[in-house]
Amino acid sequence: LVGSEMCIRDSYSSRPKHRAFRRDVEAMSASGDQGRRKGLGLYMLGSYEACAEILAGHESDDVAAYTRGVALLALGNGLI
């Protein structure tokens, strides 16, 4: 597995690892590069509203913009 796939698998391999991943993501700052990573982590955790809010400030990053769009669609907030 490549990096992100490995991270996802490891984050959900047990309840304690999932809780630890959630704690780590929630402890991150919402600004700068750490904010981008927090937004992506929130997406992985299914916190789509918080993800979309944080990633709104990272639209210049292709992965962040795509992830934000998918999160908005999951919330029923179409892009049009």
Side-chain angles (χ1 to χ4, degrees):
L1 296 173
V2 294
S4 62
E5 292 170 347
M6 195 175 237
C7 177
I8 292 168
R9 189 183 80 186
D10 288 348
S11 299
Y12 291 97
S13 63
S14 69
R15 286 184 184 205
K17 284 186 177 184
H18 182 264
R19 284 192 296 267
F21 179 71
R22 179 178 291 280
R23 272 194 311 271
D24 289 346
V25 168
E26 290 173 351
M28 290 180 178
S29 168
S31 62
D33 187 57
Q34 196 171 68
R36 183 183 61 83
R37 290 184 308 201
K38 180 176 187 167
L40 297 173
L42 289 168
Y43 177 83
M44 290 172 55
L45 292 167
S47 299
Y48 301 131
E49 191 170 338
C51 162
E53 183 179 326
I54 289 174
L55 292 182
H58 300 278
E59 290 289 318
S60 62
D61 179 276
D62 291 341
V63 173
Y66 175 81
T67 304
R68 180 175 186 263
V70 174
L72 289 171
L73 288 173
L75 291 168
N77 299 326
L79 300 177
I80 298 176

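Side-chain atoms are counted along with the backbone in the values below, which use heavy atoms only and exclude waters and symmetry mates. Only a predicted model underlies this, so the values are computations on that prediction, with no experimental measurement involved.
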Task: Partners passing salt bridge (Lys or Arg N to Asp or Glu O under 4.0 Å) against E49 (at least two apart in sequence or in another chain) - done: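 E49: no salt bridge (Lys or Arg N to Asp or Glu O under 4.0 Å) contacts found.
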Using distance only, find each side-chain donor-acceptor pair of residues 28-41 under 3.5 Å and give its atom names and separation, not counting sequence neighbours.
from: S29; atom 1: OG; to: S31; atom 2: N; distance (Å): 3.2
from: S29; atom 1: OG; to: S31; atom 2: OG; distance (Å): 3.1
from: D33; atom 1: OD1; to: R36; atom 2: NE; distance (Å): 3.1
from: D33; atom 1: OD1; to: R36; atom 2: NH2; distance (Å): 3.0
from: Q34; atom 1: OE1; to: S29; atom 2: N; distance (Å): 2.8
from: K38; atom 1: NZ; to: E26; atom 2: O; distance (Å): 3.3
from: K38; atom 1: NZ; to: M28; atom 2: O; distance (Å): 3.0

Task: Atom pair CZ (R23) and NE2 (H18), whose distance is rounded to the nearest 0.5 Å - done: 11.5 Å
When hydrophobic residues are tied together by side-chain contacts of less than 4.5 Å, even through go-betweens, does [X] share a cluster with [Y]?
X   : Y   : value
V70 : V63 : no
L55 : Y66 : no
L45 : I54 : yes

Task: Contact summary for C51 and T67, nearest pair of heavy atoms - done: SG-CG2, 4.2 Å
TODO: Kindly say whether A52 contributes a backbone atom to a donor-acceptor pair with the side chain of R68 at under 3.5 angstrom?
DONE: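 A pair under 3.5 Å: yes.
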Open item on the list: Please check: side-chain N/O of S47 versus main-chain N/O of A50, any donor-acceptor pairing under 3.5 Å?
Closed with: no
